[in-house]
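Below: one structure, written as structure tokens.
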Amino acid sequence: MTVVVFLEPGFPAGRVADASVPQLSVLDQGATRGDGVFESALYVRGRVRKLDAHLARMAVSAATCELPLPAEDAWRAAIATAVAAYDAALATESGDDAGHEAVVKLVATRGPEGAGHGTAWVAVSPAPELGRRQRAEGVDVLLLDRGYDSTVAERAPWLLMGAKTLSYAVNMAALRHARKQGADDVIFVSSDGRVLEGPTSTVLLAVRDGDVKRLITPMLETGILPGTTQGALFAAAEAAGWELGYGPLEPQHLVEADAVWLVSSVRLLAPVNSLDGVELSRDPELTAELTSFVDAIG
């Protein structure tokens, strides 16, 4: 069950399209070149979580790619149309949406070649069951070389480091490689040994020092994507008295931490069980506290 709403002139609330039939031009540069940006947000209990943060990050990604975007009001109107249609379809299909989770995906491309305009749409579909399972059970992770050093973002802005683009072929290849090796996910490491991010997640670790709890994530300067969930978690943790830290991190820091998690907008908080086959420390108390922060995110 998927609802699709296109942002187009003449449709102030968006145009609802039939997701079961083709809608995208074969000449669209989002399909032919991966030339576009996107965001994925979690929709639950009538609320799109962290929508302001997702729209803000999408605007930064688009600016990095020099990609024109529809106005924010147009996105909000299309999202409202899409989730209302999804809720109606869900009520008809199941009659009970208590606790139901859906993914709201925002996509903008450079449009068909030669058309002079972009393509933009909102899609709402059920959230994968795998994400909920990994929150509870955790994930086994491999370290993989990303193929560049931790200063490349500063040297080569044309690589679009830190932008959430549609060019996810490498990310998906990394996940396939991990699964062939019996793992669930990946943490990328730079060629000079810095911990970066997951293919679809941000890395967090926690360290206890007596009564002090410290939450740490890799440095944005290494060219990673700014995580919206990580940002919200840091704000909540700081308000609760945690100390915060930003790399540089090396793999040994993950091994020595009291707990490590991969966080993202749809899967939320997934504890890391092992790294390259080495079992990591898991702290149920810290995970429970961070989960309560995640659950409270607006």
Side-chain angles (χ1 to χ4, degrees), residues 1-24 28 30 36-62 67 69-109 118-135 164 166 168 200-201 225 227-233 263-269 291 293-298:
M1 182 178 63
T2 299
V3 171
V4 176
V5 176
F6 281 88
L7 285 71
E8 294 178 352
F11 294 89
R15 176 179 65 82
V16 179
D18 186 348
S20 67
V21 300
Q23 296 289 341
L24 195 66
D28 195 288
V37 298
F38 78 102
E39 286 288 326
S40 296
L42 187 65
Y43 177 65
V44 60
R45 299 184 183 91
R47 178 169 53 104
V48 181
R49 292 164 56 101
K50 300 188 278 89
L51 180 55
D52 291 349
H54 283 292
L55 289 171
R57 187 171 67 178
M58 192 172 192
V60 172
S61 294
L67 179 74
L69 275 187
E72 184 176 308
D73 287 349
W75 283 109
R76 291 183 183 276
I79 292 166
T81 297
V83 296
Y86 184 84
D87 285 344
L90 182 64
T92 299
E93 183 175 280
S94 67
D96 181 16
D97 66 351
H100 180 83
E101 296 181 355
V103 180
V104 177
K105 181 167 281 190
L106 319 180
V107 184
T109 80
T119 309
W121 69 92
V122 177
V124 186
S125 56
E129 176 60 34
L130 178 63
R132 288 187 286 273
R133 188 165 69 247
Q134 290 182 345
R135 288 177 213 163
K164 193 172 180 70
L166 293 173
Y168 258 49
T200 63
S201 62
L225 181 73
T228 59
T229 303
Q230 172 267 315
L233 264 175
V263 297
S264 56
S265 292
V266 175
R267 184 171 54 182
L268 302 179
L269 185 79
T291 297
F293 295 158
V294 170
D295 292 343
I297 292 172

R267 side chain to R135 backbone, donor-acceptor under 3.5 Å: no
side-chain hydrogen bond (donor to acceptor under 3.5 Å, both in side chains) contacts touching residues 119-128 (sequence neighbours left out): D28-T119
Exercise: identify the closest heavy-atom pair between S40 and S265: O-CB, 3.4 Å
Heavy-atom pair of closest approach, residues L67 and G36: CD2-CA, 4.1 Å
Heavy-atom pair with the smallest gap, counting every atom of A108 and W75: CB-CZ2, 4.1 Å
Note, V266 side chain near P128 side chain (heavy atom, < 4.5 Å): yes
Which atom of V124 lies closest to which atom of A82, heavy atoms considered: CG2-CB, 3.7 Å
Where I297 and K50 come nearest, the two heavy atoms and their spacing: CG2-CG, 3.3 Å
Sidechain N-carboxylate O distance under 4.0 Å for E39, K164: no
Those residues that, when tested against A78, pass side-chain contact (heavy atoms from CB on, under 4.5 Å) (two or more places apart): V5, L7, V122
Full working for side-chain contact (heavy atoms from CB on, under 4.5 Å) between T228 and R57: CA-CA 8 Å; T228 59; R57 187 171 67 178; 3.7 Å; yes
Check against salt bridge (Lys or Arg N to Asp or Glu O under 4.0 Å), D52 and R76: CA-CA 10 Å; D52 291 349; R76 291 183 183 276; 2.6 Å; yes
Test item: T81 side-chain N/O and A13 main-chain N/O as donor-acceptor pair under 3.5 Å: yes
Nearest heavy-atom neighbours spanning L42 and A127: CD1-CB, 4.5 Å
Spacing of E101 atom CD and L268 atom CG [to the nearest 0.5 Å]: 6.5 Å
Step-by-step side-chain contact (heavy atoms from CB on, under 4.5 Å) determination, L233 to L269: CA-CA 10 Å; L233 264 175; L269 185 79; 4.3 Å; yes
Reported OH-to-OH distance for the pair Y43 and Y86, which is rounded to 0.5 angstrom: 9.0 Å
Expected output: side-chain R49 to main-chain V294 donor-acceptor under 3.5 Å: yes
Side-chain heavy-atom pair L69, M58 within 4.5 angstrom cut-off: yes
Pairwise distance CD(E72) to CG(L51) - rounded to 0.5 angstrom: 7.5 Å
Polar contact flag, side-chain donor to acceptor under 3.5 angstrom, S264-T200: no
